[in-house]
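Let me begin by presenting the structure, written as C-alpha cells, before commenting on it.
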Number of protein chains: 2
Amino acid sequence: MGRKRTKSGKIRLAEVAELAGVSPITASRFFRNPEALSVAKRTRVESAAKELGYVPNLAARALASQRTEVIGVLIPSLTNNVFSDVLRGIYDASEGSRYSIQLSNTRYSILQEEKLLRLFLAQKPAGLIVTGIDQTAESRAMLEAADCPIVQIMEIGPNPVDMMIGFSHYDAARAAVAHLFAQGRRRIGFVGARMDPRVQRRLDGYVSAMKDAGLFEQRLVVTTGTPTSVTLGGALFTDLLAREPDLDAVFCANDDLALGVLFECRRREFEVPEQIAIVGFNDLEFMASAVPTLTSVRTNRYEMGKTAASMLIEAIEGRRPEQPVLDLGFKVIERQSSTSRPSDNRPALTGGGAPNKMVALPSSHD
Amino acid sequence: MGRKRTKSGKIRLAEVAELAGVSPITASRFFRNPEALSVAKRTRVESAAKELGYVPNLAARALASQRTEVIGVLIPSLTNNVFSDVLRGIYDASEGSRYSIQLSNTRYSILQEEKLLRLFLAQKPAGLIVTGIDQTAESRAMLEAADCPIVQIMEIGPNPVDMMIGFSHYDAARAAVAHLFAQGRRRIGFVGARMDPRVQRRLDGYVSAMKDAGLFEQRLVVTTGTPTSVTLGGALFTDLLAREPDLDAVFCANDDLALGVLFECRRREFEVPEQIAIVGFNDLEFMASAVPTLTSVRTNRYEMGKTAASMLIEAIEGRRPEQPVLDLGFKVIERQSSTSRPSDNRPALTGGGAPNKMVALPSSHD
DNA sequence: GTCGTTGCTGGTAGCGCTGTCAACGATCCT
DNA sequence: AGGATCGTTGACAGCGCTACCAGCAACGAC
C-alpha cells in the first residue's frame, strides 16, 4: 500500500515520477534509455529529477535488473608502476560512464585470481578486465562461461577468452636485444626480478635472440623471484658481474632495475655506454632524464588500460569491436645508454634527453 | 508464490536454509552474526552453504539492509607514487574483511571531490576515506552529516570531521631545512610542482624556517602547477639556477624532483653534496640507491593507508579508536646528498646506501 | 507456581527498482 | 478501408535479502 515516503527522507524514483506526472516505470526508462521517451515526458522527468536531487539506488537497480554496473578488474600488483599507468587509463575511460570499477589484487597468484574471479562473477559484473593469459583451467572455464564481456590485458596470445589487448613481450625483448646487436654488443646480460609470466616471456625473447646469434650462455642470466626495485637492480648486476665480468651490455626486465644498474655502474666508475650499455623495459618517465639517458622499450600502458576499458564498455552496450584482439606494439627508444657514440643533442635546459631514434615494431603474435 | 529456484540456477539463501533445515532468516543470521545461532544450526548452515557453493547477493543485501559494505576512497591522483603506496595499504587492510573499496579520483579538484562525495553518500557507504583537510564548505557539511565513519588521510589539522591520520607537512619541511642548516647550508632553494595543499604546506614550512633564520628570499623558490616528474625537477632546478646561481642546497617537494635535480647536477658537473646539497621528500625506494644516495623525508604512506582502513573498519563495526587523530610523524633520512662529508659506509655490493642517521620527529599539530 | 528474563527461531513485509507484457493511438502499406 | 506495424506508456510482479516483531522454550528469582 501507499508508503508515501521512506523514513530517511530519501528521494525515490516514485517521487520523481509523481512530480513529473508520469508512471514510475516511465521515469525509470528515462534513466536507462531516454530516447524511448517522448520529448515532452523526457524533459518533465529530467527537470523533476534535478529539482528533487534524485540519485538512483544502485542496489535496487542491481537487484531488479539482475546485473550490476560494475567492471571488475583483476591485476597482480598495486605496487608496480606499470599497473598504476594501466589503472589510470582504466579509471579515465570509466569516468563519465555509468560503470564503476571494482579492483582486486591477485598478488601474482593465479589461485588467488581464481578465488577472486569466483567472487566477482557471483555479483554478475557488467564486464571484466583480467591480466594476462595464464589463468588456471578452472578460471578459464569460469571466464568462458561468464555472460559478460571480458578483456585480457598486458599481453597477447593465441586463444583470447573474448577480447584481448596488449603486446608481445617476447618480440619486444627480441627487439631490444637486436638493438644491442646493432650497436655491436655481444656479451649481453639479462637481469630480471619477480619473474611473472610477462617477465618470463621477456626472458624467453632474450634467450631466443641470443641463441639465434649463437651468443647465449646461461650465466648471462640473473633473475630472482623477489619484487623489483632500483636497489635490487644494483644487486643483481653485481651478481651478474661476479659470474661474468666480461659484459658489454645489460638488458633489464624493467626500468627500475635499469636505473639500479646505472647507479651501480656509477659507483664502480664504469662508463655507460662506452663500457656497458644498458637497456630497460617500459620506458618510465625518468629514463629520458637520467644521465646518460637510458634506452628502453616503450609500451603503451596508459593507452592499454584506457582502450581496454573503452572496448569493454562498448561491448557491454552491445557494440562489439570489429577487432577483438588489439596489438599495441612497442618501440625501442634508443638513448645514450646503449648507443656507442653518445647522442649529439645533449639536452641543456630541460634536463630531459630527447630520444634519438625510434624503432617501431608491431609485435607478431605467435 | 513458491518460486522454487531462480531460472539462472543461482543458489539463494532460501536453498541453503532448506538444505540446512532452518528458516531463511536463520541462515541469513549465520552470515551476519554466527554467534547468535546455536552451535548445531550454525554447523548445519555452514555445511549447507559450502555444499551448494552459496555466494550472497550483495545487491539484495544492500537493498534490504539499507546499507552497503563499500568503503569509498577519494584521492586526488592515481599517477602519484605516494598515493599508490597509500592505496596499497588501504587494499591490504580491506582484504579479508567484508568491505570492498570503491575508488574515485578527484584530480586535485575540490569541486570534483564535492561531486563525487555526493554520489558516494547517496549509496550509503559503510565508511569513507578522503584526502586532506581542504574540502569545500559544502563537502564539509555533507561529511559531517554523513552517518558513517570517515577518515581524513595525508595530513593532520585542527578540526577533524571524524578520524584523521597523517602528519604535518609543515613540520616535516621545517625539519628538512633544519637538517640543511645543521650541515652549514644557507642558500637553500625550494623546488615544487603541482602545488596541491600539502605541497603548499611544505613550502610554507620551508619559508618559515628560512625566515626564522633570516635567510628567506623569494627568488629561492621555484614552483609550477604542472604535474611532477623527474624531468621537471631538472627543468625547475635550471630555472632556479638562472635566478640564483649562488645556491648551496635544494629542498625538493618530492623525490622525483630531487632525482631530476641530481641528474641535472650531473649534467652540469656540479659535485653533490660538495657544491649542492639535495633533499627530497617521501623517501621513495630509489633514494637510497642513487649515487650519491639522496637525503629525504620519510613518510609512512603504506602504513597510513593501512591504518586508515583498519581504523575505519573498526569504527564501522562499532569499535571506535580511542585516539581518533593519529600523527604518523616523519623522519629525515640523512644520506650522502646533503651531508658535507660523504658517508663512510659507502655501499659495495647491494647498491643501496644505508641511511647514515635518522632524526625522528613527531609532527606537532598547529 | 507465577512472573519475568534470556536465547534462539521464524513469519511477515517490504527495500527501490526493472523485466515482461499488454494496451493504446498514430502511421504506414496494400 | 482494413490490417499491420511502430512508438510510447503503464500495471503487475517480483529480484534476494533483512528489519522488525512475535513466539517459544528453558531458566532463575521470588
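All heavy atoms count here, side chains included; hydrogens, waters and symmetry mates do not. Numbered from 1 within each chain, the chains take letters A, B, ... in sequence-line order.
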Original post:
Taking NZ, NE, NH1 and NH2 as the nitrogens, is one of them in A:E95 or B:R107 under 4.0 Å from a carboxylate oxygen of the other?
Top reply: yes
**OP:** Inspect the contact between B:R320 and B:D162 and indicate whether a charged nitrogen and a carboxylate oxygen are less than 4.0 angstrom apart.
**Re:** yes
**OP:** Output yes when B:R12 and B:E15 qualify as a salt bridge under the 4.0 Å nitrogen-oxygen rule, no when they do not.
**Re:** yes
Original post:
How would you list, by chain and number, every residue that makes a ring pair (Phe, Tyr, Trp, His ring centres under 6.0 Å) with A:Y99, sequence neighbours excluded?
Top reply: none
**OP:** With heavy atoms under 4.0 Å as the rule, sort A:A62 into base, sugar-phosphate or nothing.
**Re:** nothing
**OP:** Kindly state each residue pair satisfying ring pair (Phe, Tyr, Trp, His ring centres under 6.0 Å) with at least one member in residues 105-138 of chain B, sequence neighbours excluded.
**Re:** none
Original post:
Looking at B:S65, does any N or O in its side chain come under 4.0 Å of the phosphate oxygens OP1/OP2 on D:dT18?
Top reply: no
Can you give me every donor-acceptor pair (side chain of residues 139-150 of chain A, partner residue at least two apart or in another chain, under 3.5 Å) with its distance?
| unit_1 | atom_1 | unit_2 | atom_2 | d |
| --- | --- | --- | --- | --- |
| A:S139 | OG | A:T136 | OG1 | 2.8 |
| A:R140 | NE | A:E144 | OE2 | 2.8 |
| A:R140 | NH1 | A:N159 | O | 3.0 |
| A:R140 | NH2 | A:E144 | OE2 | 3.0 |
| A:R140 | NH2 | A:N159 | O | 2.9 |

**OP:** Please list residues of residues 41-50 of chain B whose heavy atoms come under 4.0 Å from any atom in DNA chain C, ordered by number; otherwise none.
**Re:** B:K41
**OP:** If a pair satisfies salt bridge (Lys or Arg N to Asp or Glu O under 4.0 Å) and one of its residues is in residues 44-54 of chain B, list it, with sequence neighbours excluded.
**Re:** none
Subject >> Interface with DNA chain D, restricted to residues 24-31 of chain B and to heavy atoms under 4.0 Å >> reply: B:I25, B:S28
Subject >> Side-chain N,O (B:Y54) to OP1/OP2 (D:dG16) below 4.0 Å >> reply: no
Original post:
Quick one: do A:R61 and A:E69 make a salt bridge, cutoff under 4.0 Å?
Top reply: yes
